[in-house]
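See below for the structure under consideration.
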2 protein chains.
Amino acid sequence: MSRVLVIEDDTHIRDLIVLHLGLEGLDTEAVGDGLEGLARAGAQAFDLIVLDLMLPGMDGVSICRSIRREGPNQDVPIMMLTARREESDKVLGLESGADDYLAKPFGIRELVARVRALLRRPRRSQLQAEAAGAGDRPIEIHGLHIDPSRRRARVRGADVDLTAQEFRLLFVLATHPGIVFSREALLTRVWPDRTYVTERSVDSLVKRLRRRIEVDPADPAIILTVWGSGYKFADV
Amino acid sequence: MSRVLVIEDDTHIRDLIVLHLGLEGLDTEAVGDGLEGLARAGAQAFDLIVLDLMLPGMDGVSICRSIRREGPNQDVPIMMLTARREESDKVLGLESGADDYLAKPFGIRELVARVRALLRRPRRSQLQAEAAGAGDRPIEIHGLHIDPSRRRARVRGADVDLTAQEFRLLFVLATHPGIVFSREALLTRVWPDRTYVTERSVDSLVKRLRRRIEVDPADPAIILTVWGSGYKFADV
DNA sequence: GGCGGCTGCCACAGTTTTCTCACACGCCAG
DNA sequence: CTGGCGTGTGAGAAAACTGTGGCAGCCGCC
């Protein structure tokens with residue numbers, strides 16, 4: 001189930017959005033404050049973020065930039081909302097890194113349709129970078145050494161063989177220690193193309209990965225289960 | 001500052017692209033007509049060309065071929081855009097000499113990311129020069145002695161005859177021990193002209209190379225398969 | 001303690017990826 | 001023109017990996 005974060009101060013609109021996205025089968029979480037939204041976005045991986053441009057305390061553009069700069073939602077589609085109709089706003093919104101833009105007042109059905117479209121759109125940035133062979137630096141964490149360009153992982157000094165998929169999962173989690181990823185979030189981040197794959201498969205993959213890197217797979221110390229939410233890499 | 005030529009008839013998309021590439025610090029020039037684009041490409045050297053597949057008057061594939069055939073932009077990376085999602089289009093685009101391909105509707109951020117990637121990637125001509133190894137020093141690794149300037153390879157003391165292609169493959173891999181190369185990456189690095197070649201050919205070439213340098217070709221110790229990713233030269 | 005919902009686990013069928021091979025084609029020297 | 005060599009390709013076999021469903025066990029809550 002896709003997770004959506006809604007950042008919107010107007011209670012009425014917020015509830016409306018949550019209601020309708022909920023009816024669409026999306027797991028929707030909403031906050032009314034910019035800073036809180038930013039905190040939420042930094043702590044958990046979502047599949048899409050709906051963001052109001054006009055917020056008390058902190059404006060949407062800054063939030064958008066922050067989200068894009070780093071963290072688990074760097075590559076997540078962002079849908080901007082704004083009360084103003086001016087073209088300059090539109091430009092501003094897209095400049096700051098939003099993927100789509102909707103001017104208030106909008107029809108809720110249109111919002112839903114666009115959200116669906118954004119979710120459907122394959123996310124390729126990460127895969128793309130990997131394919132280009134550019135950029136990914138090795139990381140070192142928790143006694144783990146992970147080197148993407150060599151596709152090599154070492155645990156406590158010993159090399160472990162990982163399949164391509166196990167490796168991607170480990171990499172995604174390890175680069176965001178402490179961040180909770182829902183199964184859905186992992187599906188879009190780890191699976192090469194988001195065909196019809198059950199969330200069950202995530203469990204399987206996690207189990208396989210644990211078997212290879214955990215000292216005691218029955219009592220995981222690295223890949224942790226967050227009951228009711230998903231999985232996370234152990235905090236530092 | 002890199003110069004980019006955008007050939008796209010849809011005004012909205014064109015402006016969006018120009019805006020964002022401009023924000024990226026690229027010097028962007030745009031035309032809405034295929035013939036005009038061709039004229040522009042013939043008159044001036046760019047660092048990258050973004051080309052819509054569907055254009056009024058002249059289709060993108062023909063333009064792509066024209067640009068590739070001669071002129072100052074023969075070796076410049078070309079990024080294809082298309083409204084259609086069919087695989088056949090993709091093949092058509094890449095066959096005609098495009099370097100990357102993006103199906104509409106696309107996220108503007110993805111376009112920017114890919115453009116960046118293409119610009120980062122060294123030109124074909126440079127690659128070929130690098131692969132040909134003109135003027136490179138001989139290297140010694142894993143009981144292998146490889147001398148690019150003489151195009152000679154010795155394995156465990158014995159000279160081996162390698163074809164030009166086998167040699168290029170060996171050289172590319174041996175100069176980056178441990179680094180995993182996807183088949184695609186090898187195609188652009190080893191093959192003099194990347195058009196009309198399938199990834200199967202990489203398999204074949206690897207097999208032929210192994211037959212010549214491995215003690216037991218059935219159980220390779222030098223050129224290793226990285227399942228789901230590609231091939232690599234054995235780590236030291 | 002009982003209950004509903006979530007997660008761990010497992011085997012195996014199914015899928016994807018790689019390997020192997022034979023053959024055809026193009027190129028070049030003789 | 002002809003033969004030899006290097007190379008690309010497709011098909012089928014082989015190998016590796018992965019998704020799934022169901023059940024058992026665990027968690028949090030009433």
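Every chain is numbered from 1, with letters handed out A, B, ... down the list of sequences. Being a predicted model, the structure only gives us computed values, none of them experimental. Just so you know, these numbers use all the heavy atoms, side chains as well, and skip hydrogens, waters and symmetry mates.
- Residue S201(B) places at least one side-chain N or O under 4.0 Å from the OP1 or OP2 atom of dT9(D).
- Regarding L186(B), its CG atom lies at a distance of 15 Å from the P atom of dT7(D), rounded to whole Å.
- Within the structure, a side-chain polar atom (N or O) of T225(A) is placed less than 4.0 Å from OP1 or OP2 of dG8(C).
- Among dG8(C), dG8(D), dC9(C), the nucleotide with an atom closest to any side-chain atom of K207(A) is dC9(C).
- Regarding contacts with the backbone of dG5(C), every side-chain N or O of W227(A) stays at 4.0 angstrom or more from both OP1 and OP2.
- Residues G230(B) and R211(B) each lie close to DNA chain C; by heavy-atom proximity, the contact nearer the 5' end of the strand is made by G230(B).
- A distance-only check finds no donor-acceptor pair linking the side chain of Q74(A) to the backbone of I67(A) [under 3.5 Å].
- Between R68(A) and D75(A), none of the side-chain N atoms (NZ, or NE/NH1/NH2) sits under 4.0 Å from a carboxylate O, so this pair counts as no salt bridge.
- Whole-Å rounding puts the I223(B) CD1 to dC19(C) P distance at 12 Å.
- For the pair D203(B) CG and dG8(D) C1', the interatomic distance rounds to 12 Å; values are reported in whole Å.
- For the pair D216(A) CG and dG8(C) P, the interatomic distance rounds to 14 Å; values are reported in whole Å.
- Here R210(B) reaches the OP1 or OP2 of dC19(C): one of its side-chain N or O atoms lies under 4.0 Å away.
- Closest to the side chain of R200(A), out of dG22(D), dT7(D), dT18(D), is dG22(D).
- The side chain of W191(A) places an N or O atom within less than 4.0 Å of a non-bridging phosphate oxygen (OP1 or OP2) of dG19(D).
- Rounding to whole angstrom units, CG of residue D219(A) and C1' of dC27(D) are separated by 16 Å.
- Note on the helix from dG1(C)-dC30(D) to dG30(C)-dC1(D): angle between the axes of the first and last five pairs equals 30°, rounded to 10 degrees.
- At whole-Å resolution of the value, CD in Q165(B) and C1' in dT7(D) are 7 Å apart.
- Taking side-chain N and O atoms only, Y196(A) has no distance below 4.0 Å to OP1 or OP2 of dT15(C).
- Spacing between atom CD of E214(B) and atom P of dC19(C) amounts to 12 Å, rounded to whole angstrom units.
- Close to dT7(C), at under 4.0 Å from its OP1 or OP2, lies a side-chain N or O of R183(A).
- Interface remark: the R208(B) side chain does form a donor-acceptor pair with the dG8(D) base, using a distance-only criterion of under 3.5 Å.
- Comparing dA11(D), dG6(D), dC6(C) by their nearest atom to the side chain of T163(B) picks out dG6(D).
- Heavy-atom distances to DNA chain D give each of R212(A) and E199(B) a nearest nucleotide, and the one nearer the 5′ end belongs to E199(B).
- With no hydrogens or angles considered, a side-chain donor-acceptor pair links T225(B) and R210(B) at under 3.5 Å.
- Look at R3(A) and E184(A) and you find no salt bridge, because none of the NZ, NE, NH1 or NH2 atoms lies under 4.0 Å from a carboxylate O.
- Residue Y231(A) places at least one side-chain N or O closer than 4.0 Å to OP1 or OP2 of dG8(C).
- Taking the charged nitrogens against the carboxylate oxygens, D9(A) and R14(A) have no contact shorter than 4.0 Å, which rules out a salt bridge.
- For the pair L187(A) CG and dG19(D) C1', the computed distance is 11 Å after rounding to whole Å.
- Surrounding CG of D161(B) are at most 12 heavy atoms belonging to other residues, nucleotides or ligands under 6.0 Å away.
- Side-chain proximity of T198(A) to the nucleotides dT20(D), dC17(D), dG8(C) is greatest for dT20(D).
- Residues R152(B) and D147(B) are not paired through a salt bridge, judged by the lack of any N-O separation under 4.0 Å between the basic side chain and the carboxylate.
- Ion pairing between a basic and an acidic side chain is recognised when a charged N comes within 4.0 Å of a carboxylate O; E24(A) and R116(A) show such pairing.
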